[in-house]
Structure formats: structure tokens, C-alpha cells
Amino acid sequence: MKARVLVMPRSGVLDPQGKAVAQALAGLGFEGVAAARQGKVIELELAETDPAAAEAALAAMCERLLANPVIEDYTIEIA
Amino acid sequence: MKARVLVMPRSGVLDPQGKAVAQALAGLGFEGVAAARQGKVIELELAETDPAAAEAALAAMCERLLANPVIEDYTIEIA
Amino acid sequence: MKAVVIVFPGSNCDRDARVALEAATGRPAAMVWHGDPDLPPADLVVLPGGFSYGDYLRPGAMASRSPVMQAVIRAARRGVRVLGICNGFQVLTECGLLPGALLRNAGLRFVCRPVTLRVETADSAFTGGYRPGDALRMPVAHHDGNYFADAGTLERLAGEDRIAFRYLDNPNGSAGDIAGILNGDRNVLGMMPHPERAADALLGGTDGRALFESLAA
Amino acid sequence: MSAPGEDYGGLAPDEYARVLEMLGRRPNAVELGIFAAMWSEHCSYKSSKKWLRTLPTDGPRVLQGPGENAGAVDIGGGLAAVFKMESHNHPSFIEPYQGAATGVGGILRDVFTMGARPVAILNALRFGAPDHEATRRLAAGVVAGIGGYGNCVGVPTVGGECSFHPAYNGNILVNAMAVGIAPADRLFRSAAAGVGNAVVYVGSRTGRDGIHGATMASATFDDEAEQQRPTVQVGDPFTGKLLIEACLELMGTDAIVAIQDMGAAGLTSSAFEMASKGGLGVALDLDRVPQREEGMSAYEIMLSESQERMLMVLRPGGEEAAEAVFRKWGLEFAVIGRLTDTGRMVLSQHGRPAADLPIRPLADGSPEYDRPWTRTPPAPHATISPDNRDPVAALRTVLGGPAGASRRWIWEQYDHTVMGDTVGGPGGDAAVVRIHGTARGLALTSDCTPRYCLADPVEGGRQAVAEAWRNLTAVGARPLAVTDNLNFGDPERPEVMGQFVGCIEGMGEACRALDVPVVSGNVSLYNETNGRAVLPTPVVGAVGLLDDLAARTGMALPGPGVALVLVGETRGHLGRSLWLETVEGREEGPPPPVDLAAERRNGDFVRAEIRAGRVAACHDLSDGGLLIAAAEMALAGGVGATLRPPLDDAVAGLFGEDQARYLLAVEDPEDVLERAAAAGVPASRIGGTGGSALTVEGHSSISLDELRDLHEAWMPAWIAGG
Ligand SMILES: Nc1ncnc2c1ncn2[C@@H]1O[C@H](COP(=O)(O)OP(=O)(O)O)[C@@H](O)[C@H]1O
Ligand SMILES: [Mg+2]
């Protein structure tokens, strides 16, 4: 089973990369980009076949390793 | 309109971060993670309201800046 | 020789490059701001090390799209020499003057240490002061120096004698131990190690000096 | 900041009473927040200032002592060295990468605020036991964060220290020191002047970063609790670099009257300090403060600790030129208020008054405590039976374990060669940084031996200064001045306060005896969890001058056939030694006594020999004593050595940590010994160089290859989880 974890800076937490991306897009002449935030995405190939069990395992992985709860939020997407 | 751009290492391109994630998960006792790949996600807040126009603009942004075609593939998701 | 050093926001080896150039050429180097759409007349353009735009998104990505880079690309096509060191190498691959890309170090950590390079070709204005096989000591200091190119490109680089330097003690996982490459016309060199930090005996080595001197000659 | 109590926004009841008296009314929420911040331990030094006053802070070279953003000393040639050290202990425990990164960013700001270009960073790190579950993650994050900021701004991280002890399990220490160079006659200061002058905000926008959690939780503020939740400060080194360049560019003009970075307690403390030092008032319109988020309250704006921000007072007419500079560098620039003659801080938001406070009384009336303290009882003597265990086996244990292993894994993550002036980077005694464009250099070091401070704070305080002084001396530099970072537990506990008082007493004595005034510093208290305090850790950062870089030395043995000379008296003091701790597993005994007169005599002698070109290599003896020092010198030089134990008890002679000692490699030992005798300095020839092994005469030997592997292996293996 394939799964995807999105890890984004929590709202309110400064995101220097996102800010720089938004500015660079404006500099290249792309108008109408009000804001950008940058995070990371991790695509995983899991042996687990049960979606609920996979989701639980992924949540545990996020808590333990993939996301830093102090500054990041995560979302789990199962294919 | 909100949109999301996912930028992943192309297949065949070494992905040291993804590899490290897979190893670290195994080290923490998470079994059954066959592979992991790590990429970037950029969430954008666009002034554009027409999905097709937004998609075209996002593709241009990816080509010009957000992804490096030598090493990365991108996917555009519009909310 | 007239040299120009480009200053991007976040460049931090611009002064170091200038000092090394001035020592080798005896002439002041011009510092050019990234926002300038034009270059002053120059024989050599240096893209210095540093963290242009904080290395955000991808190292060198945003800098490679700055106004001055259009002028640098035109100059390179005219045959003006362009030297990209560290972040400058990343900018050169991002703007397409050099093939391939620089990925995150295999060890995933920033690495600052002296490395040993083997000179692979003396056939360029940059490496003419060395002999093939020379071993040079100079520092690396980067987080993303892991050179990547597809197999065909790697083959072509080797076949066309465009690999300038290889690591003898690969610090970052680079394909083929590549530390520096030339473009097809041999007037553009990108390299991760810092020759400008190895051009002063007091700082522990002068192996980089011949690179600047052969450019000045 | 200190841990505030539940009520009165963090103020103690009697402090709150003083607020009522000062205002003649109840403060509103914003005002209370400002009082709490300004009177917090961190901002007011209320527990420590009585004792800090006892430190020597003056001297002929001092251009700026404590009280400004950083201290400054004259280094000749029209230049000043500007430096300070600061802690980011609590933030680094919560989020190691960002905590450490913003610590570096903050200390860099302190230095360039004075008009100095930063030229070097040092870091002093204390982690918990290597096998404690959090230590690995914290150490990896902190080191990456320090590198992440320093590497990006392009200031070399040239030295530091790192040690482990279970007392830091719940409270790591992350201290960073920055050093800059400025024209001596153009130091910038923070005292505001000129009624009507513009108060200008530059740098990044203000967000809800780092607003003090405990203060936020106070009763008055739980309305929009979720929205107001404070967030961890995230460093933006890219903006930090732009801010350095923009400020230094503007400082080349005459636009700036006063400047202050926004550090702890952000806009509140910067505005207060500038106005109170200038004896003026200030009126700020908070709507003009560049904000990252919608709907920020006055309280949040005033107490945000967003990074990469500065406050300046500009000369009339200077605004346009200043704005152009900051716009060019892509930074925020906003006139947010004016200086007034009212002596009050008047804040308005949305066209309504938000706060109105008297500045001088609030600043001058900040509490000062004479906290009760008890002197640390003397540590009982540790009985150590003299025996003749193999010193080389002990060397393996010490050098191959957490206390003695190489810190290369750390410093290779720091760019220590950027700026093209690092003559001596990490791995030696003091780092040496050339003064750009000259043949002169600065020597830089940071030192503290907390296990000594725990056993005897006064000796430990003395020793921290003496070791820093010795490290500078060992490269041939003349020590100029020091900064400090005093890390302790809860000052409301008399034992902890006693440690603080004792350490300061020892430091003050040593600074006087060795002629190194304290020109800046930082105090970090409440480093404890569940009643368990960190070891008393008064870190000393020291700066010395090399008048001629050619007349310096390093610790690498130069090659075979050179004599080894031990300078200083060896008594074999093993109490609190690394040997006792790591080989015997005992943390016992008093620390080695520090004889300041001997320190001075021996050090002055060594420095003169180095300057005269008679010393090929030099290393001061500290942690681990003579054999460790000899091993480090052999490894650095890639050449072997043979050593005769200086005492009959080989272990005591080779591992004793007696102070005021140096190991020298010299070509002409007779000459040096004669000169030492004439100067009244104990010295003896104890061996020589050659071969590819380190040999202890009458015992055994170890090859340099094996020694190197041992020394280098521990840290990478530990981090990798092995
Ligand atoms: N955290 C660190 N960052 C940079 N360098 C470090 C760090 N920890 C130790 N070092 C370097 O390792 C060397 C040995 O450190 P230490 O044993 O504390 O030296 P000394 O005993 O001479 O004071 C020094 O050169 C020091 O600068
Ligand atoms: Mg030392």
C-alpha cells in the first residue's frame, strides 16, 4: 500500500522558505500569489494492507519521527 | 484559490533523505516500510479563481522555478 | 585580466573570492549586485560561495533566476570565463550552463573539511596551471555538494574530458567522485571545493592559487 | 525568562504591589505584560546583579564594558574587538535545531548592533548523559542548528566546547559567543537622543513567536487562547545575513543616533532600554509595526520574540536614505514612533491608547534581590590508592570515551574557514582569526569545568578564567578580556545561590589577578527540572591578541627529534579528574587548587618563549592532564613521542589535573630550562618526539593509528546509535 505524509510548518510559525518562494515567484512576474508555505512530503511504500492499521502506523511514525510537533503539523493520505 | 505543488525526486535520482527516513523508521521498530521517498510540498494561495487558468499558471511556476527537471517531477493539485 | 564577482543576497564568499583574485591579478575585482541587468566588461565572472536566498527551495535555484544571470549566460556564450565555486556551482547547474545537479550530501549533514582532489584535466584556462594527476588539498564547506547526472551525461563528461577534479576522499557521495566540471566550450567551471580558501600559506595551503594565477596569465 | 508565578502576569506579589504604587492605578493587560517582561530574571538580572557588580569590568583597553549589547576592547590599529556570549538553553531543549539557530542569530545581532562585522562564532554545549534517551537527538539538533545559522550567514564557527553529564539530562546548555571587529571610534550604542527623532523598525515582520508561554497562560489572556498560542521562534539566517549587511551599510553613514536589537522581550525591552538610557520618552504607533499575521494584539506585538529585527533612532532627515538601504536588501523598514520629552512610553493601537508607563521608574525600580545563599561545603578528600596501573590502558578509556573523544563530528558541521581569515580553527587550544587585511590576529576560546565548580565553586570559578587565559597563552596571544555565560539552577534555593556567589567570587579574583576584565556576559538561571539543577556552569569566553601572526604556535608536534618540556608544577592532583571520573567512575574530592600567581608567572613565561620563536608546539594541560595533552599533540602533528612520568605514581603524574601547566615542544631544551629557572618557573624535560607511537617510559605504548581511531570513533558511532 502506498501512503503519503505531508508535513507543513504550523500556522503562525515563521516559514522563511515559503516566504522566499512567494517573493521569488513575484520577482519572476507571477502575479497573484498571495502566500506560499513550504513543507515536506514523504511517500511510503507499506507492507500493511489494512487502511485503518496503516493510518495508525503512519500516525505513530509522524509522532515519533516524521514531524516535529513543536513546529509542524502533519496530514496522512492513503492511496 | 488554494493549490498544492508536490515536487518529488525523479525515479533513478538518488534520494538520500528518503533513504534515511526508511532506515530511521526501521531503526525505531516500524516494520514493513519497503521504501520511502522525500520531496517538497508547496502550498500556494492564488488570486486566480479559474481552475484551468490556475493550473496553467502553476505549471509555468514549476517549469520556471519550483522544480528542477534534471532531478525532480512535479504534480499540481488544486483544492 | 578583468574579473567580476557577482553578489547575490546571501552570498558569503564574495569577499574571499575577491581577495584571491586580487592577489593573483594585482587588479581590483568589480563586485556586481545580482539585481543589475548588465555586466561590466570582464574576462572572468565569478559566482561565489554562500547561501544565496538562504538555499531555500533548492540551493542556487532563486539566484539562477536573478536579473544578472541573464547577462552572465550571454557572456558565457560569448566565451567569457565563468567560475562557480560551491553555491556558484549550484547556480551554474540550476541555470543550465552546466549539466546535472547538486543534491543533499549523502551523509545529510553539512561538511566542512579539507579534501584531496585529483586534477583530471589541464586542458582549460582554469586548470592550465596544474598537471593531470596532481593532488590538491583544499576545503569543502557545503550541505548540497552531491553531484548527480544521468548515466549518459556522466559518460559524455568523461568522454569529452570535462571532469576537472575528482575527490580522492569523496565527502558527499558525488557520482564518480566528481568535484568539478567544465562546459562543452571549456570556459565555464563549476566546483564544490573552495580554491579561494587555499590561496594563502597562513591559512593552511596554497594549492588553489594556481587556478587563479592561470586565469590571470 | 524566569518561571513566572501564576498571578499578576508572572510578577511576585510584592512586585505587583510596587507596580500599583508606581502607576497609582491597576495596570492594563499590556502594561502588566511589559512589567512582567522587564522585571523578569532574564531582563532585570534581579537575583544576580548584586554579585555581577563585584566583577572587574574596567581596564585601559576596555572601550565598552557590560551594559551595552556587547563589550568592546581596543585591539590597536584603530580597531575594536566586540564580543559577547549568550545562552539559549530553554528554547534549545524544546526545539534543538531552532533554539540553537536562533541563539546564534541573537548573539550575532548583539555584536553587529555595536557596529562590528562579526568575524567568529564559538559555542559551549552541555548535554545529558550519552545514554539518556533524549541526548542524541538534542545534540544532533543543536549542532545542526548552530551550523545552520552560522554557515548560512557566513561567519566561521571556530571553536567551542562540548561535554556530557547526567545533571544536564533535563536542561541542556547552549551558549553561543560572537566576536566582531569595528572601528574603535565608531561603536554604536543604544541610548536614544533627540526629542522628535524617528524610532524605526527594521528587519523581519513580527509574528507570535516566542511570546512567553507561562505569561500567556495567565488569567487575563485566555480569551482567544488557541489563536494566541505562542509559537517557537524560527530562525531565518538568510534574513539575518541581509540584516547584517544592511545595518553595516547604514552604519557607514551618519544616519543612526542609536540602535538596539530586539532580543528577549522584543520591542518592549528594546524600546525601554533605548529610551531609559537616553532619559527620554517614546510614543509608538503599533499599527505601523510590520506584522506577519492578522489581528495581533498590542500585548503580542510588544512581547513577540520574532527574530531578525532591530530598533533604531535616526537623525532628522536620515529616514529616506536609511529606508533606501533596507529596501535594497529586501527588508522591512517602518517609522513606528518618535522620541518624546515626557519620560513615558505611550503606545497606541487602532487609534486608541494601549499603554502609558513611566520609563525611568520602571527601569530603575526593577527589583533587586539579595537572595539567601549558603556556601558550598568543602568536598571531602578522595582517597585514591596509589598503584601502578597501566597508564596507556587508562589513556584508551579516557580518549576513547565521551569525555575525551574528538569533537570533530561537531566542528565539521560548522563552516570554520569562510571569510578567509581562520588561521587556527577548531581542534587546537584557542582558535586564531586574522584581523582582516593585517598580519595580526585574535585568539578566541571558551572554557569551564563544571565538575570543579560543583565541588568547589570558588576554585571552579577561578579555574574557568585561568583555563581560558591559558588557552590564549598557549597560542602566544596576550589575553585582553573575557565575556561569560553563567548557567545555574534555581537561585531561590540557597545552595544554588551559593554556587553562583562562589563562582563569581572565584572568577572575579582570577580576572583581577590575570588582568582580564569582564566586558559583557549573560546569566541563565532556573536551569533545573524537578529540583535537579544543572552543574554550576560559568562559561568563560576569552579574547586575546596576537601582534604578529608569525610569532604564534599551535599544538601539533613539529616532527621527530624535538624535546618535550613540561612547564608548571606537577603534584598529581586526581580529585575531580577525568581519570577518576571515567576510569574509576568516581566523582569525588576537591578540584585542583588554582594558584593565580603561578598561573600568571608560568603563562607569561610561556608566552614570551613563544613570541621569541623558541617554541615549536604548545598545549596547555587541562582535562585529563599530561598524557591526554601529549596524545592530542602527537595526533595533531602525526608524529610519536616518548614521555617519562613526572611522578613515581605514574597515574597521578600523567593524569593529575594540576593547574598552570603547559607542555612544550622545543628545539633547544637547555636554553628554555635555563630561562625558566631564572624566571622562577618550574620546568623539566620529560621526553621527546619521534616514531609513530606514544610511549610511556617504563610502561607501554600505543600506535598513533590506534590512538587516532580510538579518539575519532566515539562520537560518530554514538550519534549513529552504536
Ligand atoms: N562545540 C564545539 N564547537 C566547536 N569546536 C569545539 C566544540 N567542542 C570542542 N571543540 C573544539 O575541540 C577542541 C578541544 O576542546 P576542549 O577539550 O574543550 O579544549 P581545551 O581543553 O583546550 O579547552 C578545541 O579546539 C575546541 O574548540
Ligand atoms: Mg586548552
Side-chain angles (χ1 to χ4, degrees), chain A residues 1-11 15-50 53-68 72-77 79, chain B residues 1-11 13 15-50 53-67 72-77 79:
Chain A
M1 164 176 294
K2 276 188 193 302
R4 184 154 96 175
V5 171
L6 299 176
V7 181
M8 295 299 293
R10 292 178 76 147
S11 91
D15 173 20
Q17 305 217 60
K19 192 177 110 195
V21 165
Q23 279 171 357
L25 287 172
L28 287 173
F30 291 105
E31 278 159 34
V33 178
R37 290 182 79 69
Q38 183 175 326
K40 57 186 186 215
V41 49
I42 298 149
E43 286 183 359
L44 299 149
E45 184 67 55
L46 302 176
E48 183 61 63
T49 50
D50 172 47
E55 170 123 20
L58 287 165
M61 292 178 203
C62 287
E63 300 288 341
R64 299 241 356 240
L65 180 76
L66 302 179
N68 176 349
E72 295 169 331
D73 287 325
Y74 64 86
T75 330
I76 293 168
E77 297 179 359
Chain B
M1 167 178 291
K2 276 187 195 299
R4 190 151 93 174
V5 171
L6 299 176
V7 181
M8 294 302 291
R10 295 179 76 144
S11 77
V13 174
D15 172 22
Q17 283 154 310
K19 206 173 109 198
V21 165
Q23 277 170 358
L25 287 173
L28 288 173
F30 290 105
E31 280 158 33
V33 178
R37 294 186 73 70
Q38 180 170 325
K40 288 188 276 267
V41 50
I42 298 153
E43 287 183 357
L44 298 148
E45 182 69 53
L46 301 177
E48 184 61 66
T49 50
D50 172 48
E55 173 121 21
L58 289 164
M61 290 179 206
C62 288
E63 298 290 339
R64 298 256 336 257
L65 179 71
L66 300 181
E72 294 167 332
D73 289 322
Y74 64 85
T75 330
I76 292 169
E77 296 180 358

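Convention: sequence-line order gives letters A, B, ...; per-chain numbering from 1.
Note: B:Gly32 leads B:Gly32, B:Gly18, B:Ala22 in heavy-atom pairs under 4.5 Å with chain A. Each of B:Glu31, B:Glu77, B:Glu48 has some count of heavy-atom pairs under 4.5 Å with chain A, and the biggest count is that of B:Glu77. Here A:Ala47 is the residue among A:Ala47, A:Ala24, A:Ala3, A:Ala57 with the most heavy-atom pairs under 4.5 Å with chain B. With respect to chain A, the highest number of heavy-atom pairs below 4.5 Å among B:Arg64, B:Gln38, B:Glu43 belongs to B:Glu43.
For B:Ala35, the parts lying under 4.5 angstrom from a heavy atom of chain A are both the backbone and the side chain. Both the backbone and the side chain of B:Leu28 come within contact range of chain A, judged by heavy atoms closer than 4.5 Å. Using a 4.5 Å cut-off between heavy atoms, A:Leu46 contacts chain B through both its backbone and its side chain. Both the backbone and the side chain of A:Ala60 come within less than 4.5 Å of a heavy atom of chain B.
The shortest distance between side-chain heavy atoms of B:Gln17 and A:Ile42 does not fall below 4.5 Å.
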Let's go through A:Arg37 and B:Val41 carefully: what are the C-alpha distance in whole Å and the side-chain angles of both, what is the deciding distance for side chain to side chain contact (heavy atoms under 4.5 Å, CB included) to 0.1 Å, and is it a yes or a no? CA-CA 8 Å; A:Arg37 290 182 79 69; B:Val41 50; over 6 Å; no

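In this structure, the separation between CZ on A:Arg4 and CE on B:Met8 is 8.5 Å, given to the nearest 0.5 Å.
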